[in-house]
Amino acid sequence: MANDYTKIPLIVIVGPTASGKTSLAIKLAKKYKGEIICADSRSVYKGMNIGTAKPNQKEQCDVPHWGLDLVEPGEYFSVADFKKYAIEKIDQIRSRGNVPFLVGGTGLYVDSVVFDYKFGPIADIELRTKLQHMEIIELHNYCIKNGIVLPENFKNKRYVIRSIERNGIKPEKLVRPMSNSIIVGITTNKDDLYNRIERRAEQLFASGVVEEAMSLSDKYGWDNEAMKSNIYPIIHQYLDSEIDYIEMKKKFVILDQRLAKRQLTWLKRNKFIQWLSVDDVNKYLSNQLALLI
RNA sequence: GGCGCGUUGACGGAACGGUUACGUAGAGGUCUGCAAAACCUUUUAAAUGGGUUCGACUCCCAUACGUGCCU
């Protein structure tokens, strides 16, 4: 491996849920002394294993994984926290002479690292709570009164509140990805992807997501953001007998397919992603990584 | 056979004689401290055939289908 560890590239693998990122990354990382940082906003939560299709114990033993089980559901964790964590890990991995792999489907998380986002001020919880209790119209008025420019997405309460919190400070990012990074996206045929999502849903239920959700809700309740991730609210409905088992499964598949769509919508905007099929990503990255040895 | 009720878009589901509710799904999109979240835009309709009316998804008649009660 290169002596100057700053020359070790950052390998970034993105793609929608169920596109095969995880298994590919593990395969490559195993072969080329890699360590994986999961850029996934859900697998940071402890206990949410089956429902988030987290890498299993064996996979985690095969290759060092980072970014998993960082906080408990209900605890505060944001992109900014993730970025800080990831940058630190990338540096540490390189200093060991290993290759950092940033792998995940949360586009915002990936971009925050790759484009070195500069975040605004951290939320003032007191102010935020106050603002959250206001209607969207009141928030608009508040903005007008205080000279705060409304965000493009001005009907989105969250975004308006954040604009207020940022108080005019504009977000910053790199125009192009950080140097020495290789970004690849896994392309999938839509029908194939949707079928994979369906099959994976079956597996999740067979592996006991329902039981997992039950024990999580006992511990953390249903009302936190983490537990609002697509699958868990559906299980909640099922447990409350609002829907039956078949319906629950059906709904889950639909929700996951929608998730994949949104992920793709985000990723599409990044012009620096090289889109390839899983096999081609494998070949391409293998070639790149072989050069380092 | 008789009497009654119903038939709205992929699904659920309202109102109304003349502005094609709404929800879900579908399609497209937004996105820098909750992002598997939140939000925005948008396609698809009136069982069939007649009639009344300036105008009918909305009123009337018939037919079909479904449903309930009665013989």
Side-chain angles (χ1 to χ4, degrees), chain A residues 14-19 21 38-45 48-54 70-86 104-125 127-129 131-132 136 139-140 150-174 190 194 197 200-201 204 209 213 223-235 237 242-243 247 250-270:
Chain A
V14 297
T17 187
S19 60
K21 300 181 295 283
C38 297
D40 185 314
S41 68
R42 296 300 117 172
S43 47
V44 299
Y45 295 111
M48 293 173 53
N49 304 327
I50 304 168
T52 63
K54 218 179 260 179
L70 267 23
V71 295
E72 302 202 8
E75 274 187 78
Y76 186 82
F77 189 86
S78 73
V79 219
D81 299 314
F82 176 80
K83 187 210 160 187
K84 189 163 166 261
Y85 175 88
T106 304
L108 178 66
Y109 279 22
V110 173
D111 285 358
S112 73
V113 175
V114 170
F115 292 103
D116 191 27
Y117 279 18
K118 298 277 185 292
F119 295 99
I122 190 165
D124 171 343
I125 298 300
L127 176 66
R128 178 174 281 195
T129 314
L131 294 173
Q132 274 168 343
I136 189 81
L139 288 170
H140 288 171
L150 289 174
E152 180 178 345
N153 216 333
F154 63 91
K155 287 187 182 167
N156 190 330
K157 211 168 158 182
R158 286 189 179 189
Y159 290 8
V160 176
I161 289 175
R162 225 331 42 197
S163 290
I164 294 168
E165 289 172 352
R166 277 211 304 271
N167 197 18
I169 297 169
K170 294 219 172 81
E172 278 181 60
K173 65 179 239 182
L174 300 176
K190 191 171 163 182
Y194 280 21
I197 287 172
R200 194 179 63 177
L204 295 188
V209 236
D223 286 333
N224 59 76
E225 191 74 12
M227 290 298 281
K228 288 196 177 138
S229 316
N230 58 356
I231 194 168
Y232 297 107
I234 297 169
I235 297 176
Q237 286 182 7
E242 283 171 38
I243 53 175
E247 216 173 328
K250 229 166 77 185
K251 277 196 163 188
F252 172 62
V253 171
I254 289 167
L255 241 29
D256 230 17
Q257 291 170 343
R258 290 186 57 203
L259 167 64
K261 260 185 61 180
R262 262 179 291 129
Q263 289 175 312
L264 252 9
T265 300
W266 176 285
L267 294 170
K268 255 188 239 167
R269 309 199 309 175
N270 183 345

Mapping A:T265 and A:R166 to their closest nucleotides on RNA chain B, which lands nearer the 5' end? A:T265

Return whichever of A:Y76 or A:Y194 has its heavy-atom-nearest nucleotide of RNA chain B closer to the 5' end. A:Y194

Quickly work out the [X] [atom1] to [N] [atom2] distance and round it to whole Å.
X	N	atom1	atom2	answer
A:D256	B:A35	CG	C1'	15 Å
A:E225	B:C39	CD	C1'	13 Å
A:L174	B:U32	CG	P	16 Å
A:I161	B:A35	CD1	C1'	15 Å
A:I243	B:G23	CD1	C1'	16 Å
A:Q257	B:G26	CD	P	7 Å
A:M48	B:A37	CE	C1'	12 Å
A:L127	B:G33	CG	P	14 Å

Is the side chain of A:H140 donor-acceptor paired with the backbone N or O of A:F154 at a distance under 3.5 Å, no angle test? yes

Side-chain donor or acceptor of A:Q257 paired with backbone N/O of A:I197 under 3.5 Å: no

With sequence neighbours left out, the residues meeting side chain to side chain donor-acceptor pair (under 3.5 Å) with A:S163 are none

Scan for side-chain hydrogen bond (donor to acceptor under 3.5 Å, both in side chains) pairs involving residues 150-160 of chain A, sequence neighbours excluded, and state none if there are none. A:R158-A:E225

Across the strands shown, which category fits [X] at heavy-atom distances under 4.0 angstrom: base, sugar-phosphate, nothing?
X	answer
A:D111	nothing
A:K268	sugar-phosphate
A:E165	nothing
A:T52	base
A:S112	nothing
A:Q132	base
A:K155	sugar-phosphate

Show the numbers, then the answer: is there a side chain to side chain contact (heavy atoms under 4.5 Å, CB included) between A:V79 and A:D111? CA-CA 10 Å; A:V79 219; A:D111 285 358; over 6 Å; no

Phosphate contact ([N] OP1 or OP2) by [X] side-chain N/O below 4.0 Å:
X	N	answer
A:K190	B:A27	yes
A:R162	B:G33	yes
A:Y109	B:A35	yes
A:R262	B:A37	yes
A:K83	B:U32	no
A:K261	B:G28	yes
A:R42	B:A37	no

A:D256/A:R200 salt bridge by N-O under 4.0 Å criterion: yes

Check this for me, if you would: do A:R162 and A:E165 make a salt bridge, where the nitrogen-to-carboxylate-oxygen distance has to be below 4.0 angstrom? yes

Selected nucleotide, minimal atom distance to [X] side chain, candidates [options]:
X	options	result
A:R128	B:A35, B:C34, B:A27	B:C34
A:L108	B:A25, B:A35, B:C34	B:A35
A:Y159	B:C34, B:G33, B:A38	B:A38
A:D81	B:G33, B:C34, B:G26	B:G33
A:I254	B:A25, B:C40, B:G29	B:A25

Show your reasoning for whether side chain to side chain contact (heavy atoms under 4.5 Å, CB included) applies to A:K251 and A:Q237. CA-CA 11 Å; A:K251 277 196 163 188; A:Q237 286 182 7; 3.3 Å; yes

Is there a donor and acceptor pair, one atom on the side chain of A:R158 and one on the base of B:A37, closer than 3.5 Å? yes

Taking ring-ring contact (aromatic ring centres under 6.0 Å, His included) as the definition, give me every residue that meets it alongside [X], ordered by chain and number, with sequence neighbours left out.
X	answer
A:Y45	none
A:Y232	none
A:Y194	none

With [atom1] as the reference atom in both, quote the distance from [N] to [M] in angstrom, rounded to an integer.
N	M	atom1	value
B:G17	B:A10	P	26 Å
B:U42	B:U58	P	27 Å
B:G13	B:G18	P	24 Å
B:G26	B:G66	C1'	28 Å
B:G55	B:U19	P	14 Å
B:A47	B:A14	P	16 Å
B:U63	B:U7	C1'	13 Å
B:G51	B:G9	C1'	27 Å

Structure string for RNA chain B in dot-bracket form, Watson-Crick and G-U at under 3.5 Å, | interchain: (((((((..(((.....[...))).(((((.......)))))....(((((..]....)))))))))))).

Please name all residues satisfying side chain to side chain contact (heavy atoms under 4.5 Å, CB included) with A:N224, sequence neighbours left out, ordered by chain then number. A:P73, A:Y220, A:A226, A:M227

May I ask you to list the residues of residues 116-123 of chain A, by number, that have any heavy atom positioned under 4.0 Å from an atom of RNA chain B? A:Y117, A:K118, A:F119, A:G120, A:I122

Quiz: residues 114-121 of chain A side-chain donor-acceptor pairs under 3.5 angstrom, not counting sequence neighbours:
residue, atom, partner, partner atom, Å
A:D116, OD1, A:K83, NZ, 2.7
A:D116, OD2, A:K118, NZ, 2.9

